[in-house]
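Following: one structure in structure tokens, then a few remarks.
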Amino acid sequence: MLANTSIEYSLDFGFNAITEIPTGLFRHGHGALIVKFEHNELTYLHKGTFSGLMRVEYISLHYNKLTSLDGGVFTNIPAKAIFLYNNIMEMISVNWFDTHSDVRVYLFNNPIRNISSEVLPKINTSMEIFVNCSTLETLPTFHQTSNSFCVNEVYVPRLEFASYELSESFEAEEGWECSSRRYPIKLVCSPCPQGTYDNNSACRECPSGGFYQDEIGATVCKRCDVGTFVNYTGGKTLRECEVCPDGTDLNKPAGYRACVCKDDFTRIHRFQSCQHCRHDGLNCSQDYQHLMSGFYWNWSFPKVNLTEYQDFVENLRTENITYLDTPIEYKHRMPRVFRCPRSQSCKNLNSDTRGGLNGQCDEGYRGWQCIKCQRGYFPVLNSCRKCPKDWIVSLEILIVSVLIIVTLTVVLWPHSRKDLRQYTRSYADKFAVRIKIMLGFYQVIGELTESFNETLWSDTLVYVGNVFSLVDINILRVIARLRCLNENLTMTPLLQFKISLITPVSTAMLSLTIYIVCKVYLKCWEHSDPRELSAKLDKVKSKLCAFVLFFFFVTYPPTCAAIFKMYPTACETFDVVQDENYSISLLRSDVDINCETLGNYQIGAFVATSLYVVPVPLILLYVLWEHCRRDSNHQLPCTGRISTGSDNDVPENSPMMKELCEKHHHGVPAWLDFLCENYKEEFWYWEVVELLRKVVQIMLISMIGWENSMVKLFTISASIIFLVTNVIIFPMKDRFEQLLQIFSLSVILTNVLVAAVPISSDGYVTMLSTFLLTLDAVIFIFIAGEVVVAIYRFGKRATISRRVKGEVIRRYQQIARIFKV
């Protein structure tokens, strides 16, 4: 095959499946310096196989399956080095060389157990043999001047080449490493020592984990037994594989770590023990902690480091040698995990990836525990809804403002004009009572809904809740919707607190200013009669007092809530680091606010309590006591005729006369009448009780939070007490109005009870959401229906009046025509 082939440098048969080299293959002589048969399937070499290679210096036969060689197989060739390592020879019983050969023979990584004593005396003294002595059953006795080397973890043979061309093949040989020096300087190559393997023509230590290498010239590392690992790089023997640390699964290979963790265990060091994943909300399925859906943690505090943890997680997820390029340990603390008040807000998609480790809020949510709304969203029923178009928001605010103005007009105007002619309750009186009951109900429901952390509302019902939230005439909540028009208009608790302090004072001062201006105008420009001037001023004062009183009455509960939210107890402390005493204090009503910055606001809240929260009901109680209290022990006779200002006087001893006598005797001002006219005589103070009821039912929730068991007990008890009291004493005159009030208190108690009992089933949550919204809607629907019916009746009467008037005119015209005739 090679008879007519001229080869001067290298003859490469490597990396094939050759099982035998024919004898006489090189008999015609060749000038090859290097002959390569590595990585084949050779099992035996015959004598004379390499005859004819007159210039050969290097013969590579490593990584074959050679078991034995004929005697004299390498005679008559000038080889300097023969590579027979990594074969399966167990015995050398014959001499392979000339007695004068000075070749270097590399026999390491063969399981040689015995070298025949007949071979040893024939070995030339200048020959060098490299063999693993650890496998020899008996230590051979070489010629006293021969060079024999035991290859082990201390000694590794080296090859020195006079030129780069001769070393080129060995530099690329697997399992060998050559120095970086180049021609014409001598190049030195050596097989990778124990504990290392060949990695792109460079020897690299076996990585920590389940790897070691007890041979030289290896291309891969050997694996430790299942459940064991080496805690450092460069493991050299199986004995160095130790049992994996606590918390790891000993039934699996260690791989590139100290064994994988058991189920529900986690680690912060790749090669140390695993700890139990004891915190709720954590998924530790891949040896590291990442969030489950519905939970939250925060990495913005000292003692935790998200970037380093991301690097560590990336390291754990790497299942190859490149893990050495990233940190194998997380050296900081882990943040504490919190359950999100609204589990749907904390989606935590892809939380096991580098980008998702921080946790991800659902679309529209942000901030601590994903409570806050993102830009372009507004809060309703503890949910964040996408802002509608600007014109829709503007229209909504306009409608709410008009409703407030209409309500004020309907409630206040009739009372400000009431005189002795109105001896019976008008429809405006009845409507005012309905409005008071509805406001009292929705003000409490609105605050309760905002404070309940466990959200019951399903997405399909949030839109309905948005409508009912408008019924709560809370100016601060209406203004809060302005954030959809401009993010800078967001109504924060701090701004609410400032508005709550400024608004009552501004309203009172504005009313006083209007009264002074009117008084000056009437005195200086109209020059009216003193009695007429006094009557006009009394009328202005009545209207202004009615407005101020009604404004304070409506805004008192939300103003108190805004003040209570600034109390120190309204702050919630969170331990933000696992297994570490490090905490922060956040305002419960706005977790973007750190309570450490609220010193002045908290002082202001105490001052506002002493100057507003406490005095307002006391002042109102005194005014009612002064003007509405019935004194049964002091009755003035009511005789004669009382003029009503019309042509007809009220007859003496008539029912109308008795009613008007009471009015004159007790002197209830028109501007105060809407607070006491619907209550029985002995319960003249009951509106103050109702005012305090609304404050009591929301006070502790605003100050301490709904999660506190004492708050739940107190709120439930207060709701029951007020409900039972109304049922027993029946303080209202009108039976229907009293039943409506009892129904509203029952619905409030139902909301509180449902919120106090955790519901886990999604089916029950939807059902309860529908049930509660239906109950909450009944009062609004009924009053709205009553208004529609009243408008219908008014229109019907107006139509009848027009018909009667038209008939009268027609008859008059007929009579006129008769007389004309």
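All values below were derived from every heavy atom in this structure, side-chain atoms included, with hydrogens, water molecules and symmetry-related copies excluded.
- Separation of atoms CG (Asn132) and OG (Ser134) is listed at 5.0 Å; rounding is to 0.5 Å.
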Does the pair Ser208 and Phe271 meet the rule for a side chain to side chain contact (heavy atoms under 4.5 Å, CB included), with working shown?
-> CA-CA 8 Å; Ser208 301; Phe271 299 103; 3.4 Å; yes

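- With sequence neighbours excluded, the residues that form a salt bridge (charged side-chain N to carboxylate O under 4.0 Å, His left out) with Asp12 are Lys36.
- A side-chain N or O of Gln289 and one of Gln578 form a donor-acceptor pair less than 3.5 Å apart.
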Criterion side chain to side chain contact (heavy atoms under 4.5 Å, CB included) on Asp287 and Val260, from CA distance to verdict | CA-CA 7 Å; Asp287 284 13; Val260 297; 4.2 Å; yes

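- Panel note: side chain Arg113, backbone Leu136; no donor-acceptor pair is recorded below 3.5 Å.
- In this structure, His290 and Tyr288 have tilted ring planes: the angle between them lies in the 30° to 60° band.
- Under the 4.0 Å criterion applied to side-chain N and carboxylate O atoms, Lys347 and Glu363 are not assigned as salt-bridge partners.
- Put simply, the side chain of Asn594 gets close to the backbone of Glu596: a donor and an acceptor are under 3.5 Å apart.
- Look at Arg366 and Asp592 and you find a salt bridge, because one of the NZ, NE, NH1 or NH2 atoms lies within 4.0 Å of a carboxylate O, short of that distance.
- With sequence neighbours excluded, the residues satisfying ring pair (Phe, Tyr, Trp, His ring centres under 6.0 Å) with Phe108 are Tyr85.
- For Phe74 and Phe50, the ring centers are positioned less than 6.0 Å apart.
- Here the side chain of Asp246 pairs no donor or acceptor atom with the backbone of Ser273 at under 3.5 angstrom.
- Here the side chain of Asn358 pairs no donor or acceptor atom with the backbone of Gly356 at under 3.5 angstrom.
- Asp198 contributes no side-chain N or O that, together with a main-chain N or O of Thr219, makes up a donor-acceptor pair within less than 3.5 Å.
- Between the side chain of Arg267 and the main chain of Gln275, no donor-acceptor pair closer than 3.5 Å is present.
- Here the two rings, on Phe574 and Phe338, have centers that are under 6.0 Å apart.
- By the 6.0 Å and 45° rule, Arg270 stacks over the aromatic ring of Tyr323.
- Evaluated for a ring pair (Phe, Tyr, Trp, His ring centres under 6.0 Å) with Trp299, the options Tyr296, Phe301, Trp297 yield exactly one hit, Trp297.
- The shortest side-chain heavy-atom distance between Ile18 and Glu41 does not fall under the 4.5 Å cut-off.
- Using bins of under 30°, 30° to 60° and over 60° for the plane-to-plane angle, the ring pair Tyr58/Phe83 lands in the parallel bin.
- For the residue pair Gln194 and Thr196, no side-chain donor N or O sits within less than 3.5 Å of a side-chain acceptor on the partner.
- At distances below 3.5 Å, at least one donor-acceptor pair connects side-chain atoms of Asn87 with backbone N or O atoms of Leu61.
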